[in-house]
Amino acid sequence: MEIIKICIIGVVTAFCVLVLKDVRSDVATLLSIVGGLLIMLIVVDMLTGIVTIFTAIANEAGLGGEFLSIIIKIVGLGFVIDFCAGICEDTGNKNLSEKVILGGKIAIMFVSLPIVSSLFHLIVDLL
Amino acid sequence: MFGIDIIFRIAGIGIIIAIVNQILKKVDREEITTLTTLAGVIIVLLMVLDMISQLFSTLRNMFGLF
């Protein structure tokens, strides 16, 4: 059901931006950002559903709690980074969006440090 | 909660700004057009900020990001 709403919002926003492009170009870019925002809000609702189910399954199965929270954090980070990079690219400054993406990669790397260190200790114990 | 009406509202604001600026040009009040443009953009920005804050609070609660 949501996919229809997303498609409608996308098409309507595209045409409104076309109409506003020559009349008022600054409001047009804002409009495209709002369109992306609306779709993001719908997708976030779906994503929260997925995440709750995953955490419930993991708790039942007794899997590694902290690793799962790191994975979920990375998913959220990717979500935010993609959104902000898209906004920067919409307004036309491409290098800004690349900086945001670079910062995001480093943030993900930073968040996943515990996994790397625990993997390392595991290997050391094996040898 | 949010639907397509927000998009039409913002498009309407954009068109209204354009019309007001045209009228101001006809009345030879060029200097006021910059103010009306600024006002319109600020109104749209406030709406966008409201939605962005809701998106980020959802993300924070769900993913425990920051």
Side-chain angles (χ1 to χ4, degrees), chain A residues 5-6 8-52 54-55 66 68-81 83-84 87 107-108 111, chain B:
Chain A
K5 205 185 285 186
I6 289 174
I8 290 173
I9 289 178
V11 169
V12 166
T13 318
F15 281 119
C16 286
V17 167
L18 267 183
V19 167
L20 270 174
K21 185 69 87 179
D22 48 359
V23 175
R24 282 237 62 77
S25 66
D26 44 6
V27 179
T29 45
L30 269 173
L31 191 66
S32 66
I33 291 172
V34 166
L37 206 61
L38 278 177
I39 292 175
M40 280 293 188
L41 283 171
I42 294 173
V43 167
V44 150
D45 293 343
M46 294 203 270
L47 213 56
T48 43
I50 294 170
V51 163
T52 39
F54 261 117
T55 41
E66 76 280 5
L68 187 72
S69 71
I70 287 177
I71 290 169
I72 290 175
K73 200 172 278 189
I74 288 176
V75 168
L77 265 175
F79 195 79
V80 169
I81 292 155
F83 175 63
C84 298
I87 288 187
I108 288 178
V111 164
Chain B
M1 21 90 189
F2 287 109
I4 306 176
D5 58 341
I6 271 200
I7 293 183
F8 293 138
R9 207 175 296 163
I10 291 179
I13 290 175
I15 291 170
I16 287 170
I17 298 172
I19 293 168
V20 165
N21 286 355
Q22 296 296 338
I23 294 169
L24 285 177
K25 283 202 188 76
K26 290 294 178 295
V27 184
D28 295 337
R29 296 259 191 196
E30 276 298 312
E31 64 282 358
I32 300 181
T33 56
T34 48
L35 295 181
T36 54
T37 314
L38 208 59
V41 170
I42 284 174
I43 290 171
V44 174
L45 266 179
L46 286 179
M47 294 167 74
V48 171
L49 282 183
D50 166 40
M51 294 171 70
I52 285 183
S53 72
Q54 188 192 351
L55 176 72
F56 278 174
S57 63
T58 320
L59 281 177
R60 173 187 300 199
N61 302 342
M62 198 57 238
F63 295 99
L65 272 182
F66 28 71

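Order of the sequence lines fixes the chain letters, A, B, ..., with proteins taken first and strands second; residue numbering starts at 1 for each chain.
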Measure distances from A:Ile72 to the heavy atoms of chain B and classify the residue's part below 4.5 Å as side chain, backbone, both or neither.
both
Output, in order, the C-alpha distance, side-chain angles, deciding distance and verdict of side-chain contact (heavy atoms from CB on, under 4.5 Å) for A:Lys5 and B:Ile4.
CA-CA 9 Å; A:Lys5 205 185 285 186; B:Ile4 306 176; over 6 Å; no
For A:Leu37 versus B:Val48, what's the shortest heavy-atom pair and its separation?
CD2-O, 3.9 Å
Taking all non-hydrogen atoms of both residues into account, name the closest pair between B:Ala18 and A:Val23 and its distance.
CB-CG1, 3.1 Å
Examine whether an atom of B:Ile52 lies under 4.5 Å from a heavy atom of chain A, and if so say whether it belongs to the side chain, the backbone or both; otherwise answer neither.
both
Chain A shares the most heavy-atom pairs under 4.5 Å, among B:Ile15, B:Ile10, B:Ile7, B:Leu45, with B:Ile7
Which of the residues B:Ile13, B:Asn61, B:Ile17 is involved in the greatest number of heavy-atom pairs with chain A at under 4.5 angstrom?
B:Ile17
Spacing of A:Ile74 atom CD1 and B:Phe63 atom CZ [to the nearest 0.5 Å]
12.0 Å
Could you give the distance from CZ (B:Phe8) to OG1 (A:Thr13), rounded to the nearest 0.5 Å?
8.5 Å
Are side-chain heavy atoms of [X] and [Y] found at a separation under 4.5 Å?
X	Y	value
A:Arg24	B:Thr37	yes
A:Phe83	B:Leu55	yes
B:Phe56	A:Val80	yes
B:Met62	A:Thr52	yes

How about residues 19-26 of chain B versus chain A: which residues have heavy atoms under 4.5 Å apart?
B:Asn21
